[in-house]
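Counting starts at 1 for both ligands and their atoms, following the listed order.
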Amino acid sequence: MNTQVLYVSGTGNTAAVAKEIFQALPSSSKDIQELDHAKNPLSADCYFIGFWANRGTANVEILDFLSELHGKKVALFGTCGMGNSPEYYAEVEKKVRAFLPDDNQYFGSFFCQGKMPIRVREKYESMLGGERAQLATRLIKNFDEALFHPSSEDFRNAASFARTAFKNMEADL
Ligand SMILES: Cc1cc2nc3c(=O)[nH]c(=O)nc-3n(C[C@H](O)[C@H](O)[C@H](O)COP(=O)(O)O)c2cc1C
């Protein structure tokens, strides 16, 4: 089965996960591209589509691309500043998946945390003296944890997700 890994990545976290997913795919016919540069993006049978969480959803270019897919086997993956929160990841997945037309087959998603630019921490620090100090403390803790992600464990989990999803795609020929 012809398999395409397509992703968008602003600072490299999602790109790194995309590469792990690509390497793990036991397909003899596979390709990986940044969505911007995708050539013939509608020609594959299976898609692993990656994005970074942007205000709780994905960039419009990802949502537009998903909405154009028909009759494909599709899995999603993403990186989020928010760490270790299956509930949050499920919310992001739901919002993004809503753009995938029903005539595609969906094979699940993988999410992990991804480090954020230092200006984000600076913004949280500026909140420390005010009414939202407690929230700022939590956000700074999350920011500092994110510095270690995607981690080698995240990469292993992404690879394992890719192998399982691909196996299911194949079984469902
Ligand atoms: C403008 C902007 C909006 C973001 N919105 C969210 C968000 O809503 N939820 C979240 O968990 N992380 C959010 N993040 C953090 C990124 O999703 C996270 O750092 C991601 O790993 C970046 O991936 P990349 O390196 O592939 O660009 C945001 C980052 C930016 C720059």
Parallel, tilted or perpendicular: which describes the rings of Tyr124 and Phe143, with under 30° parallel and over 60° perpendicular? perpendicular
Does the side chain of [X] come under 3.5 Å of the side chain of [Y] through a donor N or O and an acceptor N or O?
| X | Y | answer |
| --- | --- | --- |
| Asn2 | Gln4 | no |
| Asn142 | Gln113 | yes |
| Lys73 | Asn104 | no |
| Tyr106 | Glu93 | yes |
| Asn157 | Ser160 | no |

Heavy atom to atom 3 (C) of ligand 1, shortest distance: which of Val120, Val8, Asn54 holds it? Asn54
Return yes or no for this condition: an N or O of [X] is under 3.5 Å from an N or O of ligand 1.
| X | answer |
| --- | --- |
| Met116 | no |
| Gly12 | yes |
| Arg119 | no |

Which residue and non-hydrogen atom of the protein lie closest to [atom], and at what distance in Å?
| atom | result |
| --- | --- |
| atom 25 (O) of ligand 1 | Thr11 OG1, 2.4 Å |
| atom 30 (C) of ligand 1 | Trp52 CZ3, 3.5 Å |
| atom 13 (C) of ligand 1 | Ala53 O, 3.1 Å |
| atom 10 (C) of ligand 1 | Gly81 N, 3.4 Å |

Short side-chain to backbone donor-acceptor contact, Thr3 and Met1, under 3.5 Å: yes
What do you reckon, is CD of Glu131 surrounded by more than 12 foreign heavy atoms closer than 6.0 Å? no
Counting only heavy atoms, which portion of Gln113 has something under 4.0 Å from ligand 1: side chain, backbone, both, or neither? neither
At the 4.0 Å heavy-atom cut-off, does His149 count as touching ligand 1? no
May I ask whether Tyr88 has any heavy atom positioned less than 4.0 angstrom from an atom of ligand 1? yes
Hey, would you say the Phe110 and Phe77 ring centroids sit under 6.0 Å apart? no
Show me which atoms of ligand 1 lie under 4.0 Å from any heavy atom of [X].
| X | result |
| --- | --- |
| Gly10 | 24 (P), 26 (O), 27 (O) |
| Gly56 | 7 (C), 8 (O) |
| Arg55 | 3 (C), 4 (C), 5 (N), 6 (C), 7 (C), 8 (O) |
| Met82 | 10 (C), 11 (O) |
| Thr79 | 17 (O), 20 (C), 21 (O), 22 (C), 23 (O) |
| Thr14 | 23 (O), 24 (P), 26 (O) |
| Lys115 | 19 (O) |

Within 45° of the axis and under 6.0 Å from the centre of the six-membered ring of Phe22, does NZ or CZ of Lys30 qualify? yes
Using a strict cut-off of less than 4.0 Å between a Lys/Arg side-chain nitrogen and an Asp/Glu carboxylate oxygen, indicate whether Asp103 and Lys72 qualify as a salt bridge. no
